Amino acid sequence: MSFYEKELSRIRGIVYSNERQVNAVIQMRSYIDDNYDDKLDLDVLSRNQLVSKYHLLRLFKKYYGLTPRQYLIDKRIEKSKELLMTGMSVTETCHTVGFESLGSFSTLFKKKIGKSPSQIQKKQFSRREIDV
């Protein structure tokens, strides 16, 4: 084995030593993507991955730079924007993407997007009128 092969082997061992952890985090993100409209919390996610919820929280933050909760909120907001642009009502959108409170949904939406859900919806309606 050459020096470079030994070095590659050594580096691979360092980089991929946590492959199981990386897979758990990737699967958790995929689970959130597929189930964002369900009631999700750390207990549900950790049971799904069979990993301690606090360990999973640290791993997710390490690899994605966000907590699972922050990622879930971002995912819900992204999906709600899509639904609002199709003409769905604000209240229906709120509950469809998994928020329980219309007030917290509107506040988070405005904080993340910069406009309220009704402003996005009105903007979409005005576009339709121009197209007709």
Side-chain angles (χ1 to χ4, degrees):
M1 188 182 281
S2 73
F3 169 77
Y4 293 109
E5 289 171 330
K6 287 179 186 176
E7 198 60 19
L8 279 174
S9 179
R10 184 185 68 79
I11 292 170
R12 187 177 296 124
I14 294 168
V15 173
Y16 296 111
S17 63
N18 296 325
E19 192 169 342
R20 184 178 179 282
Q21 292 177 350
V22 171
N23 287 337
V25 172
I26 290 170
Q27 288 173 357
M28 185 165 118
R29 182 176 173 182
S30 179
Y31 186 82
I32 292 171
D33 288 344
D34 294 340
N35 300 286
Y36 65 89
D37 53 343
D38 292 340
K39 185 173 176 148
L40 297 178
D41 58 20
L42 273 179
D43 291 324
V44 171
L45 296 170
S46 66
R47 267 186 263 127
N48 183 271
Q49 295 302 314
L50 302 173
V51 178
S52 158
K53 63 183 178 180
Y54 302 110
H55 185 60
L56 202 52
L57 175 67
R58 284 190 302 272
L59 288 175
F60 199 91
K61 176 99 176 168
K62 176 182 175 183
Y63 290 107
Y64 291 114
L66 299 167
T67 65
R69 178 87 177 135
Q70 291 168 327
Y71 180 77
L72 175 62
I73 289 170
D74 287 351
K75 187 71 174 177
R76 286 177 173 173
I77 296 294
E78 173 190 321
K79 291 294 183 181
S80 65
K81 186 176 177 186
E82 292 172 14
L83 293 173
L84 288 168
M85 294 181 85
T86 65
M88 187 180 280
S89 75
V90 175
T91 304
E92 191 177 0
T93 299
C94 168
H95 296 296
T96 300
V97 298
F99 284 101
E100 294 178 7
S101 164
L102 184 59
S104 62
F105 165 67
S106 295
T107 302
L108 283 168
F109 190 93
K110 186 167 185 171
K111 183 179 177 183
K112 296 280 186 182
I113 303 297
K115 294 181 180 179
S116 70
S118 57
Q119 287 175 318
I120 296 294
Q121 192 179 44
K122 287 176 187 173
K123 183 178 177 182
Q124 187 61 25
F125 283 134
S126 66
R127 284 186 186 161
R128 286 186 186 159
E129 290 173 3
I130 294 170
D131 292 340
V132 175

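Only a predicted model underlies this, so the values are computations on that prediction, with no experimental measurement involved.
- Both Met28 and Tyr63 belong to a single network of hydrophobic side chains, linked directly or stepwise wherever heavy atoms of I, L, V, M, F, W or Y lie under 4.5 Å apart.
- In this structure, Val90 and Pro117 approach most closely via the heavy-atom pair CG1-CB, 3.8 Å.
- Across all their heavy atoms, Asp38 and Arg76 have their closest contact at O-NH2, 2.7 Å.
- Note: Tyr71 OH to Arg29 CZ = 3.5 Å, rounded to the nearest 0.5 Å.
- Distance CD/Glu100 to NZ/Lys39: 5.0 Å, rounded to 0.5 Å.
- Here CD1 of Ile32 is found 4.5 Å from CZ of Phe60. Values are rounded to the nearest 0.5 Å.
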Would you check, one step at a time, whether the test side-chain contact (heavy atoms from CB on, under 4.5 Å) holds for Ile73 with Gln70?
CA-CA 5 Å; Ile73 289 170; Gln70 291 168 327; 5.8 Å; no
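- For the residue pair Cys94 and Ser101, the shortest heavy atom distance occurs at SG-O, 3.7 Å.
- When every heavy atom of Ser46 is checked against every heavy atom of Leu56, the shortest pair comes out as CA-CD2, 3.7 Å.
- Between Ser104 atom OG and Lys111 atom NZ the span is 12.0 Å, to the nearest 0.5 Å.
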Test side-chain contact (heavy atoms from CB on, under 4.5 Å) on Leu45 and Lys53 and set out the steps.
CA-CA 7 Å; Leu45 296 170; Lys53 63 183 178 180; over 6 Å; no
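- Residues Met88 and Val97 share a hydrophobic cluster, clusters being chains of Ile/Leu/Val/Met/Phe/Trp/Tyr side chains in contact below 4.5 Å.
- Here the closest heavy-atom approach between residue Glu92 and residue Thr96 is recorded as O-OG1, 2.6 Å.
- Side chain of Thr86 to backbone of Leu83: a donor-acceptor contact under 3.5 angstrom is found.
- Atom NZ of Lys81 and atom CE of Met85 lie 6.0 Å apart (nearest 0.5 Å).
- Of all heavy-atom pairs spanning Leu40 and Val44, the tightest one is CD2-CG1, 4.1 Å.
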When you look at Gln121 and Thr93, which way does the side-chain contact (heavy atoms from CB on, under 4.5 Å) test go after all the steps?
CA-CA 11 Å; Gln121 192 179 44; Thr93 299; over 6 Å; no
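- Between the side chain of Ser30 and the backbone N or O of Gln27, no donor-acceptor pair lies under 3.5 Å.
- The NZ atom of Lys62 sits 7.0 Å away from the CG atom of Leu59 when rounded to the nearest 0.5 Å.
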Are Asp74 and Tyr36 close enough, and set up right, to give a side chain to side chain donor-acceptor pair (under 3.5 Å), and what steps lead you there?
CA-CA 10 Å; Asp74 287 351; Tyr36 65 89; over 6 Å; no
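- Two different hydrophobic clusters hold Leu66 and Leu42 under the rule that ILVMFWY side chains link at heavy-atom gaps under 4.5 Å.
- For the 3.5 Å distance criterion, the side chains of Ser89 and Thr91 fail to qualify, holding no donor opposite an acceptor.
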